[in-house]
Structure formats: C-alpha cells, structure tokens
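Counting from 1, the numbers follow the sequence of the chain as shown. Just follow the structure's listing: the first ligand is 1, and inside any ligand the first atom is 1.
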Amino acid sequence: MTERRAGVEKLGIMGGTFDPIHNGHLFVAEEARGAAGLDRVLFVPSGTPPHKRYAGMADAEARYDMVRLAVQGNPYFDVSRIETDRRGRSYTLDTLQEMSALYSNSRIYFITGDDAVLDMLNWHEPYAIARMATLLTVGRPGYARDKISELPQEIRGSVRTIDSPQLDLSSTDIRRRVRAGRSIRYMVPEDVRRYIDDNGLYTDSDGELH
Ligand code: ATP
Ligand code: MG
C-alpha cells in the first residue's frame, strides 16, 4: 500500500502539550509512520497558553527542549517551533494551514491518540481540520475505539485507525510520579528524564490534567 507519487511527501504532524513528552507519544508517532508510510513526523509542542492550564505546567521552551531531546535519535522525527513562537492561543487548524503552506508538496497527516480524536468536536474548527488532513489515530487504554463511528461522517471519513499495542502512559501520571519522588525511568527517554531532574520540573505543583 505504498502509493507514493513522485515528489509528494507524506508528512505526519504530532501535536501535543508534551508536558513532558513520554514514550507513549514516541511510540504512537512511530506506529503511525509505519502504518501510513509517512516520510517524516514533525512534533509540534504547544506554546504558552494565555493562562496556565494547571499549576506547575512547564513553560513552552522547556517542553520544546524535551521534545527536541526525545526525537533526536530518530532520523524520521523532527520538532517544530511553530507553536512555541506563536503569540497567544494556538489552534491545530492554524498549524496545519501553516504547515501545508510551508510544505506545499506534502500531504498532511495529523497523528493523535483515540482520546484526542474522540474529543474532536470540542476542538476549534474540527470539520476544517478533517478536510485538511488525514487523521491517524492510535489506541489509548481507557478510550473506546468503537465510539469513533459516532462522529459525524465528515470527520469520520478522514479518520484512519491504526492497530497497535497500547501503552498506558500519560504526562499527568508522569508529573504526579515526579512530585511523589517516584522513578520515571523507562517511561520517558533518558535524556528527558535527566532534563526534568536537572531543571527540577514538576516537583512543587499539584498539576492535574487528563
Ligand atoms: P496529559 O496527561 O498532560 O494530557 P498526555 O499524555 O495526554 O498528557 P498530550 O500532550 O495531552 O499527552 O497528548 C498529545 C497527543 O498524544 C494526543 O493526541 C494524545 O491522544 C496522544 N497520546 C498521549 N499519550 C498517549 C498514549 N499513551 N497512547 C496513545 N496516544 C497518546
Ligand atoms: Mg492529554
């Protein structure tokens, strides 16, 4: 199923807060890349929101740095500053539009976990997003994949579900573990673990988010 037209690159975009990036994110992106034959995957950490969404949220530069460290060993992965540098609130649609202008020779694939795709009607302009990109979604423990069929056809039509093992990792849980003094080794790349440690991230907050 490797329909690759000459000159047309298949570009995966993996958006997230990445607070911090963990092995679940990396695995999801790698599985999506393999299943859809993507030429590369750009990770796009969100910028600084006007109001921190919870106490102890790491700033945009720290989250960007951790993503950079996490992707550096994979030749297919890269990180973008597009949302890090944007003033004010970032919308996925704006990012996808900028990406498709920047990489006009690419087909855009937006990579998510099932929790995100199931929440899509709450996003800004979900129908426009579905028209712009194929949505590649990977299973996440606790989220019912069969509910995707209840999304409106205009959205469902661009969703492609990917079968892969599921990893029960979340940034929320990782932040909690750090706060509790528990190890996060093997849940995040070693360079990320060291960055969190060196910078004392997530030690004194009560950040709760899912
Ligand atoms: P938080 O707990 O802070 O919400 P998170 O682990 O959900 O963090 P996000 O940055 O919110 O990470 O998610 C970015 C993207 O990665 C979303 O599309 C989300 O669905 C996906 N994702 C994160 N963790 C997993 C996982 N373990 N399995 C599948 N998808 C995941
Ligand atoms: Mg999340």
Only one of R89, R63, R53 passes side-chain hydrogen bond (donor to acceptor under 3.5 Å, both in side chains) with S46, and that residue is R63
Heavy atom of P141, distance to ligand 1 below 4.0 Å:
no
Approximate separation, where rounding is to 0.5 Å, of I108 CD1 and L135 CG:
12.0 Å
Looking only at side-chain N and O atoms, does Y54 offer a donor or acceptor that is under 3.5 Å from a partner on D19?
yes
Please list all pairs meeting ring pair (Phe, Tyr, Trp, His ring centres under 6.0 Å) that have one or both residues in residues 84-106, counting only residues at least two apart or in different chains.
Y91-H124
Looking at ligand 1, does G139 have a heavy atom less than 4.0 Å from it?
yes
Closer than 4.0 Å to some heavy atom of T17 - which atoms of ligand 1 meet that?
10 (O)
Taking N or O atoms only and a 3.5 Å limit, does G16 qualify as a polar contact for ligand 1?
no
Counting heavy atoms only, which of R53, R140, M14, M57 comes nearest to atom 5 (P) of ligand 1?
R140
So, is Y54 polar-close to ligand 1, with some N/O to N/O distance under 3.5 Å?
no
Would you say R175 touches ligand 1, if touching means a heavy atom closer than 4.0 Å?
yes
Residue-ligand contact D115/ligand 1, heavy atom below 4.0 Å
yes
Count the heavy atoms belonging to other residues, nucleotides or ligands that lie under 6.0 Å from CZ of R182, then report whether that count exceeds 12.
no
Any N or O of L169 closer than 3.5 Å to N or O of ligand 1:
yes
Using distance alone, determine whether G15 and ligand 1 share an N or O pair under 3.5 Å.
no
Closer than 4.0 angstrom, basic N to acidic O: yes or no for E190 and R185?
yes
Against heavy atoms of V28, which atoms of ligand 1 measure under 4.0 Å?
28 (N), 29 (C), 30 (N)
For V41, side chain to side chain contact (heavy atoms under 4.5 Å, CB included) partners two or more places apart:
M14, A29, R33, L38, F43, F77, I111
Is there a continuous path of hydrophobic side-chain contacts, each under 4.5 Å between heavy atoms, that joins M132 to L121?
yes
Show me which atoms of ligand 1 lie under 4.0 Å from any heavy atom of L167.
26 (C), 27 (N), 28 (N)
Determine, step by step, whether E9 and R107 satisfy the salt bridge (Lys or Arg N to Asp or Glu O under 4.0 Å) criterion, reporting the C-alpha distance in whole Å, the side-chain angles of both residues, the deciding distance to 0.1 Å, and the verdict.
CA-CA 6 Å; E9 185 198 51; R107 276 194 60 185; over 6 Å; no
Should you measure from each heavy atom of T112, which atoms of ligand 1 turn up under 4.0 Å away?
18 (O)
Compute the shortest N/O to N/O distance between H25 and ligand 1 and return yes if it is under 3.5 Å, no if not.
yes
Pick one: which of T112, D114, V117 meets side-chain contact (heavy atoms from CB on, under 4.5 Å) with V159?
V117
Could you see which bit of H22 sits under 4.0 Å from ligand 1, with heavy atoms only: side chain, backbone, both or neither?
side chain
